[in-house]
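Keep in mind that what you see is a predicted model, and the values were worked out from it rather than measured.
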Amino acid sequence: MTDEELDIAFQEAVNVVNSCEEPFPADFLLRLYAYYKKATHNIDPPSGRKALINAFKANALFQTRGISVREAKEKYIDLVNDYFNL
């Protein structure tokens with residue numbers, strides 16, 4: 001898959017997630033969060049009102065530190081495809 005094809009597939013996966021109105025399981029959301037942040041080069045630290053949630057987000061981000069942007073996009077797409085059986 002070319003970089004352009006990967007970017008298109010990644011954006012399509014993001015759109016699928018954003019258009020879903022049902023709540024997602026917490027573990028799924030954390031993985032999506034971490035891969036999305038890595039894939040989009042967003043290095044802002046987790047922010048929110050609840051310290052425990054920020055700790056979970058930080059841990060999820062920590063687990064992605066050894067993967068490339070390309071791998072993060074691929075993993076995000078795979079998660080979405082598996083979850084929605086696409």
Legend entry - From NZ (K75) to OG (S68), nearest 0.5 Å: 9.5 Å
Inset, instruction - Could you please spell out the steps behind the side-chain contact (heavy atoms from CB on, under 4.5 Å) verdict for V80 and L32? - result: CA-CA 8 Å; V80 172; L32 284 179; 3.9 Å; yes
Inset, instruction - Only pairs at least two apart or in different chains count here, so list each side-chain hydrogen bond (donor to acceptor under 3.5 Å, both in side chains) that has a residue in residues 6-24. - result: D7-K73, Q11-N15
Inset, instruction - Spell out, yes or no, whether I8 and V16 are grouped together once hydrophobic residues are joined by side-chain heavy atoms under 4.5 Å, including indirect joins. - result: no
Inset, instruction - Inspect the surroundings of CD in E5 and state if more than 12 heavy atoms from other residues, nucleotides or ligands are less than 6.0 Å away. - result: yes
Inset, instruction - Return the minimal non-hydrogen interatomic distance between A39 and A72, and the atom names on each side. - result: N-CB, 3.8 Å
Inset, instruction - List for me each residue that meets salt bridge (Lys or Arg N to Asp or Glu O under 4.0 Å) alongside D3, sequence neighbours excluded, and say none if there are none. - result: R70
Inset, instruction - Quick one: closest heavy-atom pair of L79 and F28, and the distance? - result: O-CE1, 3.7 Å
Inset, instruction - Answer yes if I67 and F62 sit in the same cluster of Ile, Leu, Val, Met, Phe, Trp and Tyr residues linked by side chain heavy atoms under 4.5 Å apart, and no otherwise. - result: no
Inset, instruction - Indicate yes or no: at least one non-hydrogen side-chain atom of F56 is less than 4.5 angstrom from one of P46. - result: no
Inset, instruction - Look at the side chain of Q63 and the backbone N and O of A60, then say whether any donor-acceptor pair between them is shorter than 3.5 Å. - result: no
Inset, instruction - Tell me whether L30 is reachable from F24 by hopping between hydrophobic residues (I, L, V, M, F, W, Y) whose side-chain heavy atoms are closer than 4.5 Å. - result: no
Legend entry - Nearest heavy atoms of Y83 and P23, plus distance in Å: OH-O, 4.3 Å
Legend entry - side-chain hydrogen bond (donor to acceptor under 3.5 Å, both in side chains) pairs, two or more places apart, involving residues 24-39: K37-N42
Inset, instruction - Give a yes or no on whether L61 and V14 share a hydrophobic cluster (residues Ile, Leu, Val, Met, Phe, Trp, Tyr; joining criterion: side-chain heavy atoms under 4.5 Å apart). - result: no
Inset, instruction - Taking all non-hydrogen atoms of both residues into account, name the closest pair between T64 and A34 and its distance. - result: CG2-CB, 3.6 Å
Legend entry - Hydrophobic cluster identity match, Y76 and L86, side-chain contacts under 4.5 Å: yes
